[in-house]
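Okay, structure first, notes after.
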There are 2 protein chains.
Amino acid sequence: MNEENERPRYLRIADALRTQIAAGELEDGARLPSIPEMVREHGIASSTAQRVINVLVSEGLAIAKPGSGTYVRTWPEKGYMVCSWHRNARGGSPFKLEMEGQGAQGNWDYESRTDRAPGAIRERLALDDPADDRPNAMHTSYLYRRNGRPAQLAESWEPLALTRHTPIVLPEDGPYAGLGVVERMRQIGVRVTHSNDDISARHITLAEAQRLEVAPGEIVLTRTRTYYADTLPVETADIVVPASLYTLKYGTSIWDEPAEERPQSA
Amino acid sequence: MNEENERPRYLRIADALRTQIAAGELEDGARLPSIPEMVREHGIASSTAQRVINVLVSEGLAIAKPGSGTYVRTWPEKGYMVCSWHRNARGGSPFKLEMEGQGAQGNWDYESRTDRAPGAIRERLALDDPADDRPNAMHTSYLYRRNGRPAQLAESWEPLALTRHTPIVLPEDGPYAGLGVVERMRQIGVRVTHSNDDISARHITLAEAQRLEVAPGEIVLTRTRTYYADTLPVETADIVVPASLYTLKYGTSIWDEPAEERPQSA
DNA sequence: TCGAATTTGTGCGTATGTATC
DNA sequence: GGATACATACGCACAAATTCG
């Protein structure tokens, strides 16, 4: 039945639409053919036309709106996150300062609770395997927004051994709320000296797509960041940002002499 | 029919499997329930079971093999690239040293030619718009290998205004071949002071997938790196690495005083 | 305000092709 | 060759959201 056409019909039709989008014939926000239209134009079944839409949506090229139609995705202007050269954030959060530096507004939601750190986190924080059931870490979930739109997710972990019974136990509460790890730790006499970042990328999960209000199938940059006070890990975080929205920026200084050796997380 | 279950059945079943994978109950390479098995277990139609598989495969969590089954995706051992703290590479290439530090073998293919830098590259190198047709940059394409397997692609551009009539015009030829940008530039009295990296991610192109010998649909990390001698850009490169093979590592030092301002590429 | 038409989303069932074991 | 399993495609039904008269 397929004759010499190797590629399935639903992919060929998706290819054609993708090409039109790339060529600019279908601009941002343009309406794609509806399912009944595709059925008439190509002589396919409605379920096949539905798959065409699924492909484009899962690639992030289109947004489907039930009751309305499917539209070419309008890409927001790409922002960036400066990840190196720590900003001295006396009087404001690093995220907020970064956004304001770009002429945007930055704010965030969060939720903190004490928790038992899972194995991977214990390793990154150099925590011993716990003997009892008591929580050993403060776990905070963040949703950062840029101009009101979700921009970045983060799961942060801090060892309770360090912060218990201090005014900074809760990262987003108390006198030093929202100042960032470096500044908060300074308040209890812990001087953060450096951080290590591991960067990778993967497809977004459905849960993340919902929280970030982006299409499933989107690609996210994952950043695991650990702050150290010399050799002691004081915070570690899993950070997720949609690659379509942000670029990560790093700067590296180059000296003539080899840089001092510092602990790496891997 | 949905009663109080908001989430569609095929997504709930996919969620359950995803959870099992995340929890380690289903290990790499483990066989997922086949379509007929899911039909029996959950009382769903085969086409619905098929959709469960589609979801997991499109998320990169599983690989479907017709005639055999669907298997949890086996991720190859992940390597890493240390991107910060420049290695003083007297006597070896940075890439080779990095790989040897990981107990792996590093080598590369390359191809150099003089070229006219396109607009985006001219901007990154702060080159004037050329008045004539003469080439203004040395353009080198790299394919790096780790233990003989393709690992990383790079397109490097150096301004000919800097290197013309010097022994380092050709990055991979002459007395200082293969030593890396920092060391080569030192040979002509140019002291590289810092670099800026912009990191993003996207789907691999077909051409890249073929050169890197990975599956199309794979995700790649893109890294645009520019080296500076103070304010003067001396090299810029577009680097592409499969996210399934490598993690990028960055280290950041934190001082009490704000770091010196340095040119950013954007 | 209401209702009809449109459109996407989910799900069932069936048939056929093709790759693997 | 036969059994198994995934991939594509058809056709149908209904739900839910949107649009518009």
Side-chain angles (χ1 to χ4, degrees), chain A residues 1-17 26 29-74 206-207 209-210 213-217, chain B residues 1-17 26 29-74 215-217:
Chain A
M1 189 77 80
N2 232 0
E3 308 191 354
E4 63 228 273
N5 321 324
E6 297 172 28
R7 220 166 155 66
R9 299 191 74 172
Y10 78 100
L11 283 183
R12 292 211 310 274
I13 297 173
D15 288 345
L17 292 171
L26 289 168
R31 193 170 185 279
L32 296 178
S34 71
I35 290 176
E37 282 168 358
M38 284 197 268
V39 168
R40 283 202 308 277
E41 287 172 25
H42 299 98
I44 57 178
S46 64
S47 53
T48 305
Q50 174 81 62
R51 286 189 75 172
V52 174
I53 292 179
N54 291 155
V55 168
L56 296 175
V57 168
S58 78
E59 286 175 350
L61 292 174
I63 291 180
K65 301 189 178 180
S68 174
T70 307
Y71 302 89
V72 175
R73 165 123 193 221
T74 118
L206 282 172
Q210 284 166 358
E213 294 172 20
V214 299
Chain B
M1 188 77 81
N2 231 1
E3 308 189 354
E4 63 228 272
N5 321 324
E6 296 172 28
R7 222 167 152 65
R9 298 192 75 174
Y10 78 100
L11 284 183
R12 292 210 310 274
I13 298 173
D15 288 345
L17 291 172
L26 289 167
R31 191 172 186 279
L32 295 177
S34 71
I35 290 176
E37 282 167 357
M38 285 196 268
V39 167
R40 284 202 307 277
E41 288 172 25
H42 298 98
I44 57 179
S46 65
S47 53
T48 305
Q50 173 79 63
R51 289 184 72 172
V52 174
I53 292 179
N54 290 156
V55 168
L56 296 174
V57 168
S58 78
E59 286 176 350
L61 291 174
I63 292 179
K65 300 189 178 180
S68 173
T70 306
Y71 302 89
V72 175
R73 167 134 192 207
T74 123

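On a predicted model such as this, the values are computed, not experimentally measured, just so you know.
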Rounded to whole Å, how long is the line connecting atom CD1 of A:Ile63 with atom P of C:dG9?
12 Å

Atom-pair distance (CG on A:Asn54; P on C:dG9), nearest Å:
7 Å

Taking only the side-chain nitrogens and oxygens of A:Arg31, find out if one of them lies under 4.0 Å from OP1 or OP2 of C:dT7.
yes

Between CD1 of A:Ile53 and P of C:dT10 the distance, given in whole Å, is 12 Å

Nearest to the side chain of A:Pro8, heavy atoms from C-beta on, is which of D:dC6, D:dA9, C:dT7?
D:dA9

How close do A:Arg12 and A:Arg7 get, counting heavy atoms only, and between which atoms?
NH1-O, 2.7 Å

Classify the nucleic acid contact of B:Ser68 as base, sugar-phosphate or nothing, counting any heavy atom under 4.0 Å across all strands shown.
sugar-phosphate

Toward the 5' end of DNA chain D, by each residue's nearest nucleotide, A:Lys65 or B:Gln50:
B:Gln50

Which of A:Ile53, A:Ile63, A:Ile35 passes side-chain contact (heavy atoms from CB on, under 4.5 Å) with A:Thr70? Answer is A:Ile53

To check you understand the geometry: which heavy-atom pair defines the closest contact between A:Met38 and A:Ile44, and what is its length?
O-CG1, 3.8 Å

Whole-Å distance, A:Arg51 CZ to C:dT8 C1', equals 16 Å

Roughly, in whole Å, what's the span from NE2 in B:His42 to C1' in C:dT10?
17 Å

Less than 4.5 Å apart, side chain to side chain, heavy atoms only: is that true for B:Leu56 and B:Leu17?
yes

Does C:dG11 have OP1 or OP2 under 4.0 Å away from a side-chain N or O of B:Tyr10?
no

Can you tell me how far C1' of C:dC12 sits from CZ of B:Arg9, to the nearest Å?
11 Å

Check: A:Arg31 side chain, A:Ser68 main-chain N or O, donor-acceptor pair, under 3.5 Å
yes

How close or far is atom C1' of D:dC10 from atom CE of A:Met38, stated in whole angstroms?
16 Å

What does A:Ser47 touch in the nucleic acid at a heavy-atom separation under 4.0 angstrom: a base, only the sugar-phosphate, or nothing?
base

Using only side-chain N and O atoms of A:Thr70, determine if any of them is under 4.0 Å from OP1 or OP2 of C:dT7.
no

Kindly point out which of C:dT10, C:dT8, D:dC6 is positioned nearest to the side chain of A:Ala64?
C:dT8

Taking 4.0 Å as the cut-off, does a side-chain nitrogen or oxygen of A:Thr48 come that near to OP1 or OP2 on D:dC10?
yes

Side-chain contact check for B:Pro36: nearest option of D:dC6, C:dG11, C:dT14 is D:dC6

Please tell me which of B:Gly67 and A:Ala45 maps to the more 5' nucleotide of DNA chain D, matching each residue to the nucleotide holding its nearest heavy atom.
B:Gly67

Give B:Ser46 one of three labels, base, sugar-phosphate or nothing, depending on what nucleic acid heavy atoms sit under 4.0 Å from its own.
base

Which whole-number value in Å describes the distance from B:Ile44 CD1 to C:dG9 C1'?
16 Å

